[in-house]
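Following: one structure in structure tokens, then a few remarks.
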Protein chains: 2
Amino acid sequence: MAKLSLNMDEYLPLRDVVFHALRRAILTGELVPGERLMEIHLAQQLGVSRTPVREAIHKLELEGLVSMIPRKGAMVAEISEHGLRDVLEVRRALDAFCAELACERMNDREKERLKEAYEAFAKATETKDTTVIAKADVDFHDIIINSTGNERLISTINNLAEQIYRYRFEYLKDESIHKGLIAEHKMLMDAIFSKNIEEAKRAASTHIDNQEKSILSQIHFKD
Amino acid sequence: MAKLSLNMDEYLPLRDVVFHALRRAILTGELVPGERLMEIHLAQQLGVSRTPVREAIHKLELEGLVSMIPRKGAMVAEISEHGLRDVLEVRRALDAFCAELACERMNDREKERLKEAYEAFAKATETKDTTVIAKADVDFHDIIINSTGNERLISTINNLAEQIYRYRFEYLKDESIHKGLIAEHKMLMDAIFSKNIEEAKRAASTHIDNQEKSILSQIHFKD
DNA sequence: ATATAGTACATTGTATACAATACACAGCAT
DNA sequence: ATGCTGTGTATTGTATACAATGTACTATAT
């Protein structure tokens with residue numbers, strides 16, 4: 001017999017609640033790179049004890065958003081220009097691979113949704129709202145990535161994407177590039193639809209190249 | 001349950017000591033997939049409190065060697081045949097990419113060391129000692145991976161490699177494949193030396209293909 | 001015999017207490 | 001002034017106490 005599924009409001013361990021709160025704060029720039037993360041302070045601020053805060057910070061460290069020094073503490077991770085290039089180099093390879101797999105594996109339902117997402121992104125650029133644009137862009141790429149059906153590939157790419165989320169947000173603010181992005185999305189999408197693997201890989205690769213150029217021209221690093 | 005011991009020689013936070021101890025136990029098969037990891041039990045066995053054990057287990061979860069269910073506990077992660085295929089599919093793509101970068105970036109000193117590692121592996125196969133063979137194989141591939149100079153790529157590949165370490169160990173026991181492995185190493189190495197990118201990518205890819213075939217033919221999964 | 005409720009126990013989740021360490025700064029000797 | 005040393009404080013590292021929850025088992029009713 002079916003239990004009255006009163007939404008036993010998905011129970012989340014406090015450590016996960018804290019983790020998501022801190023993660024969001026870092027990705028949105030509320031906590032800036034280099035800022036120290038002190039357990040007691042955060043715990044009081046969030047109204048919990050040190051334990052879940054500690055566990056959340058450790059989780060963020062493994063994700064690469066926080067760097068720790070033993071017996072010294074944790075701080076929001078800074079990314080160097082070199083680190084950014086490294087991340088994007090791996091992403092370029094994996095995105096191209098995704099594009100290849102998508103050519104072979106994307107089903108009709110996903111193709112339909114990809115087309116919708118493509119149009120939604122084009123429309124989003126008209127709003128001039130960076131948050132909306134960023135979300136539409138993520139949606140578009142997520143459909144391609146998820147169509148590979150490879151969970152490990154999906155989580156690996158998502159981790160890499162997270163590393164540069166803060167910087168990607170900046171470059172999306174530049175309206176002059178939106179037109180180019182839409183064109184690149186179209187190239188990639190059409191290549192996938194026509195199962196043209198080489199073209200799809202090239203389109204995915206170019207997409208990251210341009211991202212890299214834009215980010216590097218806008219952000220200037222300390223080192 | 002196996003006996004666990006800590007190596008306290010060098011000073012490391014206890015959580016890291018415990019982490020390494022558990023990690024080693026999992027990778028060597030001392031702790032088998034599906035085995036539950038209970039904090040109190042492990043803490044007593046290792047002579048520490050629950051806190052560092054908890055933190056070590058969480059770290060292992062993020063690495064993918066342990067799977068956790070909230071309020072239920074942790075167990076040594078089992079990998080399904082599907083999961084194994086996923087891991088190897090990503091590795092194939094990244095290893096091929098490494099091979100490409102190695103063609104462009106490997107310096108003379110690294111080439112020398114690669115040649116030495118190649119010969120050391122050939123020699124290691126004569127010992128019939130799987131541990132020695134596995135180490136020589138890792139050494140060979142590490143030189144290639146490290147020659148890319150991309151830290152993010154290196155850590156990503158190492159994480160993937162860790163997922164299948166237990167199974168790779170099994171397939172290395174089969175002496176009949178050693179000759180083939182040596183030949184594959186030579187193909188890859190020569191392609192890198194002659195900067196033949198396409199050939200290097202193909203060799204790296206083939207190497208993973210054969211690994212996959214061997215592992216899947218030897219291990220049989222529950223699901 | 002089966003199903004249900006209830007209860008005891010094992011285990012994790014969270015909070016707090018205590019220990020160890022790093023850092024800053026003051027005081028002193030040179 | 002400079003450098004050393006000691007002391008206090010802030011912060012992390014570890015241990016333990018307490019709360020919440022899931023699981024197995026028992027007793028009971030049907």
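Chain letters run A, B, ... following the sequence lines, proteins first and then strands; every chain starts at 1. Just so we're clear, the structure is a prediction, and the values are computed from it rather than from any experiment.
If you take NE2 of His58(B) and C1' of dT14(C), they are 12 Å apart, rounded to a whole angstrom. Between the P atom of dT21(D) and the CG atom of Leu14(A) lies a distance of 11 Å, rounded to the nearest Å. Note: CD1 (Ile40(B)) to C1' (dA10(C)) measures 8 Å, nearest angstrom. One can place CG of Leu12(B) at 10 Å from P of dT14(D), the figure rounded to the nearest angstrom. Between Gln44(B) atom CD and dT16(D) atom P there is a gap of 11 Å when expressed in whole angstrom units. As a whole-Å value, the separation of Arg15(A) CZ from dT12(C) P is 11 Å. In this structure, Phe19(A) places its CZ atom 18 Å from C1' of dG13(C), rounding to the nearest Å. For Leu46(A) and dA15(C), the CG to C1' distance is 15 Å, given to the nearest whole Å.
For dT16(C), neither phosphate oxygen OP1 nor OP2 lies less than 4.0 angstrom from any side-chain nitrogen or oxygen of Arg50(A). Within the structure, a side-chain polar atom (N or O) of Ser49(B) is placed less than 4.0 Å from OP1 or OP2 of dA15(D). Distances shown here put a side-chain N or O of Arg54(B) below 4.0 Å from the OP1 or OP2 atom of dG13(C).
Geometric assessment of Arg166(B) against the ring of Phe169(B) yields a negative cation-pi assignment under the 6.0 Å and 45° thresholds.
Residue-to-nucleotide proximity on DNA chain C shows that, of Val48(A) and Lys72(A), the 5′-proximal contact is made by Val48(A). Comparing Pro70(A) and Gly47(A) along DNA chain C, the residue whose closest nucleotide (by nearest heavy atom) sits nearer the 5' end is Gly47(A).
To the nearest 0.5 Å, atoms CZ (Arg152(B)) and CG (Leu160(A)) are separated by 6.5 Å. Here CZ of Arg92(A) is found 10.0 Å from CG of Asp95(A). Values are rounded to the nearest 0.5 Å.
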**Worked check of side-chain contact (heavy atoms from CB on, under 4.5 Å) between His58(B) and Lys59(A)** = CA-CA 8 Å; His58(B) 287 140; Lys59(A) 212 166 161 179; over 6 Å; no
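Looking at heavy-atom distances under 4.0 Å, Ile69(B) makes no contact with the nucleic acid at all.
No side-chain heavy atom of Leu14(B) sits less than 4.5 Å from a side-chain heavy atom of Thr51(B).
Side-chain atoms of Pro52(A) lie closest to dA15(C) of the nucleotides dT12(D), dT12(C), dA15(C). When each of dT16(C), dA15(D), dT11(D) is scored by its nearest atom to the side-chain atoms of Thr51(A), the top-ranked nucleotide is dT16(C).
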